[in-house]
Amino acid sequence: IPRQVKTLLTKETKPHIQELSVQTTIISRYAFTAVSCSMLNRHSAATQGVFRFHIPTAAYISNFTIQVKAKEKKMKKEGGENNGKKNKNTPEQSEGEMEVFQMEVTIPGRNRAVFLLTYEELLQRRLGRYEHVTSVRPMQLVSRLSVGVTIVEHSRITYLEVLPLRNGKTPSSNGNGKADVGPPVSTVVKQNETFCKISFTPNIAQQAKIATNGMLGEFVVRYDIEREIGIGNIQVLDGHFVHYFAPKDLPVVSKNVVFVIDTSASMVGTKIRQTKEALFTILRELRPNDHFNYVTFSNRIRVWQPGKLVPVTPNNIRDAKKFIYMISPTGGTDINGGIQTGSALLSDYLSSKEESHHNSVSLIIFLTDGRPTVGVVQSPVIIGNTKAAVQEKFCLFTIGMGDDVDYRLLERMSLENCGTMRRIPEDADASVMLKGFYDEIGTPLLSDIRVEYSEDAVEYITQNLFTNYFNGSELVVAGKLTNRSSDSLHIQVTASNSERSIVLEKDMSIHEREQETERRLAEVEAGPNVNGYVERLWGYLSVKDELKGRLRSLTSAERENYTQHATNLSLTYNFLTPLTQMIVEKPQVLADGTLAQTQKEAEATEAPPPVTQTIHDDFTVFHLSPGGVSKPAKKSVTLSKTSADGDPHFVVEVPHSKLTMCFNINGEPGHILRLVTDHKHSGVTVNGALIGAPAPAGSHKEQRTYFSTITIVANKPRRSYIEVTPQKVILDDRDRMILPSSSSISVETANLAVVIIANTNLTVTIQGTIQFVILFHHYKNPAPYQRDHLGFYIANSKGLSKDTHGLLGQFLYEDIGLTQLPGNFSMAAENSTQETLGKNITLTSYPALKVKDRTVTVIKKSRRIYSGKQTVDCWFTKNNAAKLIDGQYSDYVVSHLFDTGDWANGTNTH
């Protein structure tokens, strides 16, 4: 109750925190956090005030200021350019990683000190969520405590959750012994589509109910945003850009994984029990196409299945469970031996299965709770041996458990071998964290990703080559725009996926992107730094890249080069990094409680200019080919006139007869028409679904119909299909992919080749000898009788058999003749063979087409095709092509889009 809280406060001997405010603004995943702590010395004598705050390991401090006021001398001293200090040896985070920033200052009697700290970080996307963590551990009850998180995104926020306060292994108690469910008490959330503001302002009584020692825990906000299919999101501001790439709806790539587990004596008890629990869970989640094995190490090395990786089968899963169950900790820690054995096992397996595992992802997951004590114990030797054993054939992910781990060694081992390192604190639930880490890397979607931009438009780009892209994560690239850049920025992403290679390309307007970014910023007032967030994000990523390069460097000259670059960037953006330590000007308090001349405390700093990198240019493409990545040549496809487009109007070019016919099909909305069928021979079938629209005013028609969906089914050599709408293309050939029609994307498999030209057309090539082109028709401001729709063209029919049928297919090999029929016939002058003056003309003969044993009267018309770009003269047949087509209209209506049934009246014979 409040009076009990007051008693607690009066017993304090240390300065009392009157106010603690932690305010974060997240602009497109880049978080700016400002901490303000006001500390009052209630006593008459000067005393030490300790400011202590937990900061995410990935964050960089950008400013630290101490303000001390004493007896009528309103002196204020601020730290220098790089103020602040993180204690790298004190990780105090139960989930994720935190470091402690600590500063002490003498506060005169009955006066106060104000500590101002700012830091920045880029939020990482893990398991489909961004997570922002604010540590609320002031170590005492605070009179005015406020935590605020403001999120501003360019895309719609699809998921937002404020977790219960997190402290240790479980959420904090709510004061009655039960774990909290939902946001902490006093939390308020205000949200619209792309913006949300969250506040947490517990009063002293509410704080005491959670923890009387002020260790409330971590205030955690998780969120995610809507993602468009395609190249990703690009933001431009102040001559810099940032590119977020997180594709979805991709098939999972199979993996080859070796688990290398520490079974030394220090793992006995809770650690090995939790490790086994995690391994059992992971075992259940291995996919049918994965291959795996286990290596345990202590004094001796033990391999579960020597000399191989085994597939995921019920028997192998059963045997693996027995092996895990029988693991018993004993002896020392031979880290080098464990890594060498696991690497050799995986390397030999990949060498023997080189072809079949061309597009699989291979990795080692290495776990230890200690330092090397057996065999090779020198860290540099272990790092060198690891690199030599891995040989860039696979990635190494390292996990350290507890406080007795050489985390620097694990970080070097993973960083030099395209992996990452994760810490599991001593008191954490290792089973949950191990499982969580595996979930992050257990579902690879892409490998060997390269992101490139217009060569003449950008410079100094951050990391643009990525070994793997895992489900639920995100790749981020930033760079500078050059002064001579045009308004167009070309982006190209190449990668490998399952049995394919992928190329994504897109052209976008720099000016439009910048306007959009500025508009979003105008909606939030969050201080001067936020306005330049894209440049600061670029600086943040650039420093990270240089520090990684420094850690990987093999020569002193190379190391010095990275050091210079990283230090100069750190100084430019005021980041406190391992290379830039602080200069703090501490106020000195005299015996009478006044402030003396300021004394400087200097700490060494290594010093250094940014590294130059370049990038490349163009517009948006998905390219998949079994043999590797190649940029598709921009070739125009030669279309034939044989097509079904518009209302729909059918045009048929008859090569044998050197003439062109045309007809209309007045179908019913919802009907699905058979356009091409050669199911028995080439295995190809094309169907189109109709949608309706009202007819224009004054039209003789009651309604219009258009093709809203077209499906192409190819059953040979194996079944695959393509489903096309004006908005997207669904490709299903073993794996299912959803491709936007707004991006230029090319996909190649052993069976199919698909090329999308953004918002224009789709070209489908089957077995190299059959080619169809589908036009996308979009309306910005459609009239009531207009609908977004598709046009279908046959570009190459060489691979279709002579038995091909369908509304278009039946004419591909048909011999059709033009003849003249005798008799009186009234028609327009342009169709006559003998003209007389007057409105109507009487002809002594009239044109007709000879189709098999049928004769069909026709008139001469002109049709516009290829979106109106070409006019073709054709012989037009009335009455829904009666007598021209085999059978009647109803014979071409099928039950569903994937119907591949034979032509209802038997085969098409010629």
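A quick note: this is a predicted structure, and the numbers were derived from the prediction, not measured.
For residues 286-312, the pairs satisfying salt bridge (Lys or Arg N to Asp or Glu O under 4.0 Å) are K255-D290, with sequence neighbours left out. For residues 367-380, the pairs satisfying side-chain hydrogen bond (donor to acceptor under 3.5 Å, both in side chains) are D262-T368, S266-D369, K271-D369, S379-D406, with sequence neighbours left out. For residues 413-444, no residue pair satisfies the ring-ring contact (aromatic ring centres under 6.0 Å, His included) rule, not counting sequence neighbours. Sorted by first then second residue, the disulfide bond (SG atoms under 2.5 Å apart) pairs that include residues 413-443, not counting sequence neighbours, are C395-C418. Contacts classified as salt bridge (Lys or Arg N to Asp or Glu O under 4.0 Å) and involving residues 388-401 (residues at least two apart or in different chains) are not found.
Looking at residues two or more places apart in sequence or on another chain, you find a ring-ring contact (aromatic ring centres under 6.0 Å, His included) between Y540 and Y30, Y60. Remark: Y119 pairs with no residue by the ring-ring contact (aromatic ring centres under 6.0 Å, His included) rule, at least two apart or across chains. Looking at residues two or more places apart in sequence or on another chain, you find a ring-ring contact (aromatic ring centres under 6.0 Å, His included) between F366 and F297. In terms of the salt bridge (Lys or Arg N to Asp or Glu O under 4.0 Å) criterion, residue partners of E440 (sequence neighbours excluded) are, by chain and number, R126, R422. Taking the ring-ring contact (aromatic ring centres under 6.0 Å, His included) definition, one finds that F219 meets it with F200, sequence neighbours left out. Judged as a salt bridge (Lys or Arg N to Asp or Glu O under 4.0 Å), and not counting sequence neighbours, the contacts of R125 are D224.
Within 6.0 Å of atom NZ in K276, more than 12 heavy atoms from other residues, nucleotides or ligands are found, so the atom counts as buried in its surroundings.
Between the side chains of S298 and S264, no donor-acceptor pair of N or O atoms lies under 3.5 Å. If you check the side chains of T118 and S62, you find a donor sitting under 3.5 Å from an acceptor. T577 and T580 share a donor-acceptor pair across their side chains, judged by distance under 3.5 Å alone.
To the nearest 0.5 Å, atoms CD1 (I399) and CD1 (I261) are separated by 7.5 Å.
Of the charged side-chain nitrogens involved, at least one lies within less than 4.0 Å of a carboxylate oxygen, so that E277 and R273 count as a salt-bridged pair. Using a 4.0 Å cut-off between a side-chain N of Lys or Arg and a carboxylate O of Asp or Glu, E161 and R129 do not qualify as a salt bridge.
Here the two rings, on F292 and W304, have centers that are under 6.0 Å apart.
Between F51 and F53, the two ring planes are parallel [angle under 30°; tilted spans 30° to 60°].
Only one option out of L569, V543, V242, V477 pairs with W538 in a side-chain contact (heavy atoms from CB on, under 4.5 Å); it is L569.
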Distance-only check: which donor-acceptor pairs under 3.5 Å involve side-chain atoms of residues 380-387, not counting sequence neighbours?
residue: N385; atom: ND2; partner: N336; partner atom: OD1; Å: 3.2
residue: N385; atom: ND2; partner: V381; partner atom: O; Å: 3.4
residue: T386; atom: OG1; partner: I382; partner atom: O; Å: 2.7
residue: K387; atom: NZ; partner: E416; partner atom: O; Å: 3.4

